[in-house]
Protein chains: 2
Amino acid sequence: MPQRGRPRGFDVDEALERAVEVFWRQGYEGASVTDLTEAMGINKPSLYAAFGGKEELFRKAVARYAEKDMGYARDAFAQPTAYEVVATLLRENVIAVTRTDRPAGCLSIQGGTSCSTDNAPIAGFLAASRLGGEGALADRLARAVAEGDLPAHADPVALARFIMIVTEGQAVHAAAGVSREDLRQAAEIALAGFAAASGARLPEQATRPV
Amino acid sequence: MPQRGRPRGFDVDEALERAVEVFWRQGYEGASVTDLTEAMGINKPSLYAAFGGKEELFRKAVARYAEKDMGYARDAFAQPTAYEVVATLLRENVIAVTRTDRPAGCLSIQGGTSCSTDNAPIAGFLAASRLGGEGALADRLARAVAEGDLPAHADPVALARFIMIVTEGQAVHAAAGVSREDLRQAAEIALAGFAAASGARLPEQATRPV
DNA sequence: AGCATTCTGTACCGAGCGGTACGTATCCGA
DNA sequence: TCGGATACGTACCGCTCGGTACAGAATGCT
C-alpha cells in the first residue's frame with residue numbers, strides 16, 4: 001500500500017531543510033510558524049499534519065541538522081589518532097559554521113541558549129544534545145588513552161570539554177560575522193593547547209621514526 | 001529642583017537589576033514585558049515611563065551588566081603582564097558565569113545569539129558589544145608586544161580572538177549546567193594554549209632569574 | 001489652599017502568536 | 001464510477017504580545 005488518498009504536494013525532506021535554516025537563523029522562539037510555512041512553501045495545516053507541530057518540527061530539524069551538517073564529527077572520530085581526531089573536528093567545525101550556503105554559526109546554539117519559561121525544555125534539549133557530543137568525544141579520547149595514543153595521565157573528559165567549549169565559542173563568533181580565516185587561526189591555537197595539555201603525539205612524531 | 005510631582009514608588013537601580021536577571025535567564029525575546037514587570041515589582045506604565053520600552057530597558061540592562069558583572073575585565077586588563085591579563089580574564093570569567101547568586105552563563109550570550117527578523121538588531125547589538133571587548137583585549141595584548149612582554153611575532157588580534165572564543169564557549173557551557181570546577185580545567189588548558197601560541201613569559205619565568 | 005507636575009493602577013488597543021475546523025480537491029482500490 | 005482516504009487552502013480560535021489612554025493619588029511651589 002504505497003499511498004492512499006491525495007498525494008502530498010511538497011517534498012517533506014526539502015521542507016524540513018528549509019525549516020532547519022529558519023530555526024538556524026532566527027532561533028526556536030524567533031521563528032514563527034508563519035516564518036516557517038512561508039520558507040517551506042506550505043500552509044499551516046500541512047505543517048501540523050506532516051510534522052506534528054512547531055516543537056516536533058524543531059526536534060526533527062535538529063536531528064536532520066546533526067545528521068547532515070554535523071556529519072564531519074563522524075569522520076573526525078574515525079581518524080586514527082587523538083590529535084587528528086581533534087584537528088579534524090576543530091578545522092571542520094570552522095568550515096561548518098562559516099558556510100556561505102548556510103546560516104552562520106550552529107543550529108545547536110542559534111536555536112536558543114535561553115528561552116521563555118514556557119519553552120525552557122527547548123534550551124535544555126539543545127544543551128543536552130551538545131553535551132552528548134562532548135561525551136562521544138570523551139569516549140573517543142578515552143579509547144586513545146587505552147590504545148596508548150594518548151599518555152595515561154591525559155584526562156579525556158576535561159580535554160573533550162575544552163574542545164567542545166572552543167567549538168561553541170567558534171559558533172558564537174561565526175554568528176557574529178567573524179570570517180572563516182580568522183576562526184581558523186583560533187582553531188590552530190586551540191589545537192596547540194590540546195596537544196600541550198594532552199601530551200598527544202603530533203602527526204610528525206607519529207609517522208617519523210624517533 | 002530635586003523633584004516635582006509624585007515621587008517614584010520604586011528604586012530604579014534595583015528594578016534594573018531585576019530586569020538584568022530576567023533577560024539573562026530568558027533572553028530578550030523570551031522575556032515578556034509581563035515577566036519583567038513582575039520581577040521588577042512595577043506596572044507596565046512605570047516601566048515605559050522610567051525606561052522607555054522593552055528594547056531601551058534591555059540596552060540599559062546590558063550596560064549595567066557590563067559595568068557590574070564584567071568588572072573583572074577591567075581588573076584583568078590592569079595586570080602587569082599579558083600572561084596574567086589572560087589568566088585573570090579566563091579564571092574570573094569562569095567564576096562570573098557560575099555564580100550561584102546569578103543566572104548561569106553570560107547575559108551577552110543568553111540575551112540572544114539569534115532573533116526574529118524584527119529583533120535582529122538586538123542580536124547584532126550583543127555581537128558588536130562582545131567584539132568590542134575583544135578589541136579591547138587585542139589592544140592590551142598589542143601593548144604587551146610594544147612593551148616587550150610578548151614576543152614581536154605574537155599576533156594580538158588572533159590571540160584575543162582565541163581568548164574571547166573560549167570565554168564565550170565557557171558561557172554556553174555554564175548555561176548548560178556545567179560546574180565551575182569543570183570549567184576551570186578548561187580554562188587552564190586554554191591558558192596553556194595561549195602561552196604556547198603567544199610565547200608569553202610565564203610568571204615563574206618572569207620572577208625567577210633565568 | 002490651590003495648582004502644576006509627576007507617578008500609579010486599571011483597563012484597554014491592534015497585531016501576531018501557535019494551533020485547528022471544515023469544506024474541497026485529488027489520489028487508490030473496488 | 002464511485003467510495004474511502006488523505007492532503008489542500010481558507011478562515012478562524014483563544015491567547016499573549018508590546019505598548020498606551022486615562023483617571024486618581026501624591027508631591028513641591030506659590
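Here is the naming used below: chain letters follow the sequence lines, and residue numbers restart at 1 for every chain.
Residue-level contact check: P7(A) touches the backbone only, with heavy atoms under 4.0 Å from sugar-phosphate atoms and none from bases.
Rounding to whole angstrom units, CZ of residue R6(A) and C1' of dC27(C) are separated by 9 Å. Rounded to an integer number of Å, the gap from F58(B) CZ to dG19(D) P is 14 Å. As a whole-Å value, the separation of E56(B) CD from dG18(D) C1' is 12 Å. When rounded to the nearest whole Å, the span between CG of N119(B) and P of dG16(C) equals 13 Å. The interatomic distance linking E38(B) (CD) with dT16(D) (P) rounds to 12 Å, in whole Å. Atom OH in Y48(B) sits about 11 Å away from atom P in dC17(D), given to the nearest Å. The nearest whole Å value for the distance from the CD1 atom in I42(B) to the P atom in dC7(C) is 12 Å. The nearest whole Å value for the distance from the CZ atom in F23(B) to the P atom in dG18(D) is 9 Å.
Candidate nucleotides dA21(C), dT10(C), dC7(C) were compared by shortest atom distance to the side chain of P45(A), and dA21(C) ranks first. Nearest to the side-chain atoms of R4(B) among the listed nucleotides dC29(D), dC7(C), dC8(D) stands dC29(D).
The shortest side-chain heavy-atom distance between R130(B) and S108(B) falls under the 4.5 Å cut-off.
Contact annotation: S46(B) side-chain N/O to dT8(C) OP1/OP2 distance is under 4.0 Å. Remark: T34(A) is in phosphate contact with dC17(C), judged by side-chain N or O atoms under 4.0 Å from OP1 or OP2. Between dG9(D) and N43(A), a contact under 4.0 Å exists linking OP1 or OP2 to a side-chain N or O.
Mapped onto DNA chain C by nearest heavy atom, R8(B) and K54(A) fall at different nucleotides, with R8(B) at the one closer to the 5' end. Mapped onto DNA chain C by nearest heavy atom, S32(A) and A49(B) fall at different nucleotides, with A49(B) at the one closer to the 5' end.
Relative ring orientation between F58(B) and F125(B) is described as perpendicular, the plane-to-plane angle rising above 60° on a 0-90° scale split at 30° and 60°. Using cut-offs of 30° and 60° for the angle between ring planes, the F23(A) and Y28(A) rings count as parallel.
Ionic pairing of E188(A) and R184(A) is not present here: no N-O contact between side-chain nitrogen and carboxylate oxygen is shorter than 4.0 angstrom.
A donor-acceptor contact under 3.5 Å is formed by the side chain of K44(A) with the base of dG19(C).
The nearest pair of heavy atoms linking I189(A) to G193(B) is CG2-O, 4.0 Å.
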